Amino acid sequence: MGKAAAQSITMASTTSTEQSGLFAHLLPAFKQASGLDVKVVALGTGQALDMARRGDADVLFVHDQAAEEKFVADGFGVQRFAVMYNDFILIGPKADPAGARGKDIVQALQKLAAGNAPFISRGDKSGTHAAELRYWKQANLDNAKGSGYRECGCGMGPALNIAASSGAYVLADRGTWLNFKNRADLAVLVEGDKRLFNQYGVMVVNPAKHPHVKAQDAQKFVDWVVSPAGQKVIADYKIGGEQLFFPNAQR
């Protein structure tokens, strides 16, 4: 274990930040600024929070604001900072047999349920899954999602692959969709509903709960990612000229 091996922190994050390609763009810039390596464990947000609760991560970068605020209130995180946002989109077959296309996610889900349209749910307690369940609830369809509803218990990329191969509908984050190559005849059907706003937050795992946490180095990452330098790197990440994440740290 040379000094180099010790100069790293573990980040529990989400499949969407990883599979969108953001970290491959962001983390080398942080290493250049700080000398620190970041080992990313990409899970659904719920699992990432669990991992941090156990003290198996130094820093969290996730997107389920209610769950993040509870994590901090329960003493597991030091302080939550807003970092960036993008949006969720409803993806489905271009032909849109269920007639879901439009600007209203709740109406779209009502049409999917009424038509028993095939729908792939992440089913993995991720931030995207939490958002999806919130929209079903707003549509008063918690227990009536239609016979086409399937949970894959998988990350965003695999869920999109299943939808592509089976002509199903799926709620996705825009970042993973833009980075997704295997689109078959899928298209964006619902976007622009303000309920589809997707906020990401970052927080240091509390060393008062887990003394081995590398809180100082983790804080360096938090400070950098919400600084003008880190925020610019996020804004600069584009695929085919389209920006994937929009920095909005309030510092």
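Numbers here simply count residues along the sequence, with the first being 1. Keep in mind that this is a model prediction, so the values were computed, not measured.
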Visitor: Tyr85 and Gln199: which non-hydrogen atoms are nearest, and at how many Å?
Guide: CB-OE1, 3.9 Å
Visitor: Less than 4.5 Å apart, any side-chain heavy atom of Thr15 and any of Arg122?
Guide: yes
Visitor: Can you name the closest pair of heavy atoms from Asp142 and Lys137 and give their distance?
Guide: OD1-CA, 3.0 Å
Visitor: Under the 3.5 angstrom rule, does the side chain of Lys181 hit a backbone N or O of Asn179 as a donor-acceptor pair?
Guide: yes
Visitor: Determine yes or no for a side-chain-to-main-chain donor-acceptor pair under 3.5 angstrom, with Arg183 supplying the side chain and Trp177 the backbone.
Guide: yes
Visitor: Any donor and acceptor pair, going by atom type alone, linking the side chain of Gln231 with main-chain N or O of Val83 inside 3.5 Å?
Guide: yes
Visitor: Ignoring hydrogens, what is the shortest heavy-atom contact between Val213 and Val205? Give both atom names and the distance.
Guide: CG1-O, 3.4 Å
Visitor: Mind listing the closest non-hydrogen atom pair of Ala218 and Asp58 along with its distance?
Guide: CB-O, 3.4 Å
Visitor: Without placing hydrogens or testing angles, list every side-chain donor-acceptor pair under 3.5 Å for residues 237-247, not counting sequence neighbours.
Guide:
| unit_1 | atom_1 | unit_2 | atom_2 | d |
| --- | --- | --- | --- | --- |
| Tyr237 | OH | Ser20 | O | 2.5 |
| Gln243 | NE2 | Phe245 | O | 2.8 |

Visitor: Would you mind reporting whether Val190 and Leu196 have side-chain heavy atoms less than 4.5 Å apart?
Guide: yes
Visitor: Between Phe119 and Tyr149, does the ring centroid distance fall short of 6.0 Å?
Guide: yes
Visitor: Using distance only, find each side-chain donor-acceptor pair of residues 151-159 under 3.5 Å and give its atom names and separation, not counting sequence neighbours.
Guide:
none

Visitor: Name the one of Arg174, Lys103, Arg101 that satisfies salt bridge (charged side-chain N to carboxylate O under 4.0 Å, His left out) with Glu191?
Guide: Arg174
Visitor: Any side-chain heavy-atom pair from Leu26 and Thr17 closer than 4.5 angstrom?
Guide: no
Visitor: May I ask you to test the Val204-Phe221 pair for a side-chain heavy-atom distance under 4.5 Å?
Guide: no
Visitor: Which heavy atom of Asp64 sits nearest to which heavy atom of Ala130, and what is that distance?
Guide: OD2-CB, 3.5 Å
Visitor: Does Lys209 reach the main-chain N or O of Gly55 with its side chain, forming a donor-acceptor pair under 3.5 Å?
Guide: no
Visitor: Would you say Ser13's side chain and Phe61's backbone share a donor-acceptor pair under 3.5 angstrom?
Guide: yes
Visitor: Are Val106 and Leu171 joined in one hydrophobic group, where the rule is that I, L, V, M, F, W and Y side chains link up if heavy atoms are under 4.5 Å apart?
Guide: yes
Visitor: List the steps and the verdict of side chain to side chain contact (heavy atoms under 4.5 Å, CB included) for Leu60 and Phe76.
Guide: CA-CA 11 Å; Leu60 260 172; Phe76 289 102; over 6 Å; no
Visitor: Judged by atom type as modelled, is there a donor-acceptor pair below 3.5 Å linking the side chain of His129 to the main-chain atoms of Ser121?
Guide: no
Visitor: Run Ser16 and Tyr200 through side-chain hydrogen bond (donor to acceptor under 3.5 Å, both in side chains) and show every step you take.
Guide: CA-CA 11 Å; Ser16 58; Tyr200 287 82; 2.9 Å; yes
Visitor: Quick check: do Ile91 and Leu189 have side-chain heavy atoms less than 4.5 Å from each other?
Guide: no
Visitor: Between Asn182 (side chain only) and Asn161 (backbone N and O only), is there a donor and an acceptor less than 3.5 Å apart?
Guide: no
Visitor: Kindly say whether Arg53 contributes a backbone atom to a donor-acceptor pair with the side chain of His210 at under 3.5 angstrom?
Guide: yes
Visitor: Could you pull out the closest heavy-atom pair between Gly92 and Tyr169, with the gap in Å?
Guide: CA-CD2, 3.7 Å
Visitor: Taking C-beta and beyond as the side chain, do Gln138 and Leu109 meet within less than 4.5 Å on heavy atoms?
Guide: no
Visitor: Quick one: are Val202 and Val59 in side-chain contact, heavy atoms under 4.5 Å?
Guide: yes
Visitor: Is the shortest heavy-atom distance from the side chain of Val62 to the side chain of Met203 under 4.5 Å?
Guide: yes
Visitor: Look at the side-chain heavy atoms of Ile, Leu, Val, Met, Phe, Trp and Tyr, link any pair under 4.5 Å apart, and say whether Val225 and Phe23 land in one connected group.
Guide: yes
